[in-house]
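See below for the structure under consideration.
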Amino acid sequence: MGILGFLILGLIAGAIAKAILPGRQGGGWVITMVLGVVGAILGGWIGSLIFGGGLAEFFDIRTWLLAILGSIVVLLIYGAVTNRSHRRV
């Protein structure tokens, strides 16, 4: 998968993860794309450890599920870090 496909995958996976998670997450489209790409990388890494195969083709359902799962994890971590920093202010 090329870099453009990976960016599109990250943007869509990040948006789906934001829609799945309850509450309001901060950040705009750029933060969503960055967190989605990081989540896709994390999901691919976790998938390669658990299932023996990471991200495959763009239209593979396993690729999308791993990217969305990784994006949810990254968004939860991002939300915990940003909420902690807002409490100090």
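Gly14 approaches Ser71 most closely through the heavy-atom pair N-OG, 4.0 Å. A pairwise comparison of heavy atoms in Ala17 and Leu75 identifies CB-CD1, 3.5 Å as the closest pair.
Linking ILVMFWY side-chain heavy atoms closer than 4.5 Å, directly or via other members, places Ile61 and Ile8 in two distinct hydrophobic clusters. Residues Leu65 and Val73 do not share a hydrophobic cluster, clusters being chains of Ile/Leu/Val/Met/Phe/Trp/Tyr side chains in contact below 4.5 Å. Put simply, Ile50 and Leu69 are part of two different groups of oily side chains (I, L, V, M, F, W, Y) that touch within less than 4.5 Å, one to the next.
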Q) Are Tyr78 and Thr82 close enough, and set up right, to give a side chain to side chain contact (heavy atoms under 4.5 Å, CB included), and what steps lead you there? A) CA-CA 6 Å; Tyr78 176 76; Thr82 56; 3.6 Å; yes
**Q.** side chain to side chain contact (heavy atoms under 4.5 Å, CB included) between Ile46 and Leu66, worked out
**A.** CA-CA 8 Å; Ile46 291 171; Leu66 288 173; 5.6 Å; no
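Taking CG of Leu76 as the reference point, atom CG of Leu21 lies at 5.0 Å (rounded to 0.5 Å).
Checked against side chain to side chain contact (heavy atoms under 4.5 Å, CB included), Val74 has the following partners two or more places apart in sequence or in another chain: Leu35, Val38, Leu42. In this structure, the side chain to side chain contact (heavy atoms under 4.5 Å, CB included) partners of Ile16, at least two apart in sequence or on a different chain, are Ile12, Ile20, Ile68.
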